[in-house]
Every structure is written in structure tokens, then in C-alpha cells.
Amino acid sequence: EEEEEEQEKKEQEQNKETKKATKNQPASEKDKQNEDEFVPKDISEWLNYHNLSKYTVPFKRGKVQLHQLHTLTAKDLSSMGIDPEGRNKILKIVTAIDPSEFSAPSHMRAILTILVIVLAVIPLLARFF
């Protein structure tokens, strides 16, 4: 009976370790379903998700935003102070992702569309007032 309890505790510990390891894996190593669900809100979250959080300061200092990631080159990353290993990791991840995923969020595009329409309609309405 004690052996069974010990075995059960070991299994629970192994499950906890597996969950921790999976949680910290970059998207390329996670299952496709979890990858599809991940939508970072900013560059820090994206870097953290890919276990690259040590590069947050250079990205913030360079004012790099998510939608700019696909335009970065090795030279850009080098000028930001990113070491060669980091440059390779970042470029590998970025090139594997569709650039449209880095575009402004759909709600932002909708807001911009509405703004453009409103700005186009205001001069027309001004004629009546």
C-alpha cells in the first residue's frame, strides 16, 4: 500500500514536470492547436512565449513592434545588440510564421477603416451645416 502511494506521488510529480516543460516550450515545439491559440499582445509577450525574454530590453529600446518582426534582418538585430545565437533563433522563428500574422490586429484594422470612412464623410456633411 505504501509502495502504491509512493508510485502515485512519483507519477504526480512527473506530470507536474511535464506540464512545466511544455508550458515553457516555444511554439515550434508545442502542438499545433496551442500554437494556433497563441496571440501575443506585444513584443514582450512574443519574446517570452519563445523563451527569448532576455532580448526584451533591446526590442523595447529599439521600439520594435509585433507587426515589424517580419521586416527585421540579421543586421537590424545585430545593431540592437542581439548576440548571434539570439539573431539566429529570432530569424528562424520569424521566417517560419506568415507575415500576415504580424499585421495589426483585426479590431485595429476595423477601427482604422471606420476612421477613414468618417473622415471622408465629414466634408460631405459640412455642406449641410
With sequence neighbours left out, what residues match T56 under side-chain contact (heavy atoms from CB on, under 4.5 Å)?
S44, L47, S53, K60
Would you please name every residue forming a side-chain contact (heavy atoms from CB on, under 4.5 Å) with V121, sequence neighbours left out?
I117, L125
Less than 3.5 Å apart, which donor and acceptor atoms pair up between the side chains of residues 90-97 and the rest of the protein, not counting sequence neighbours?
| from | atom 1 | to | atom 2 | distance (Å) |
| --- | --- | --- | --- | --- |
| T95 | OG1 | L91 | O | 2.8 |
| T95 | OG1 | K92 | O | 3.1 |

Here the pair of heavy atoms bringing M80 nearest to R61 is O-NH1, 4.1 Å
Can you give me the closest heavy-atom contact between G86 and I82, atom names plus distance?
C-CG2, 3.7 Å
same_hphob_cluster(I122, I114) at 4.5 Å side-chain heavy-atom cutoff:
yes
Does any pair with a residue in residues 63-91 pass salt bridge (charged side-chain N to carboxylate O under 4.0 Å, His left out), and if so which ones, sequence neighbours excluded?
E85-K89
Which residues pass the salt bridge (Lys or Arg N to Asp or Glu O under 4.0 Å) test with K41, not counting sequence neighbours?
E45
Could you check Y55 against V64 for side chain to side chain contact (heavy atoms under 4.5 Å, CB included), going step by step and ending with a plain yes or no?
CA-CA 11 Å; Y55 303 112; V64 177; over 6 Å; no
Distance check, rounded to the nearest 0.5 Å: L77 atom CG versus L72 atom CG?
5.0 Å
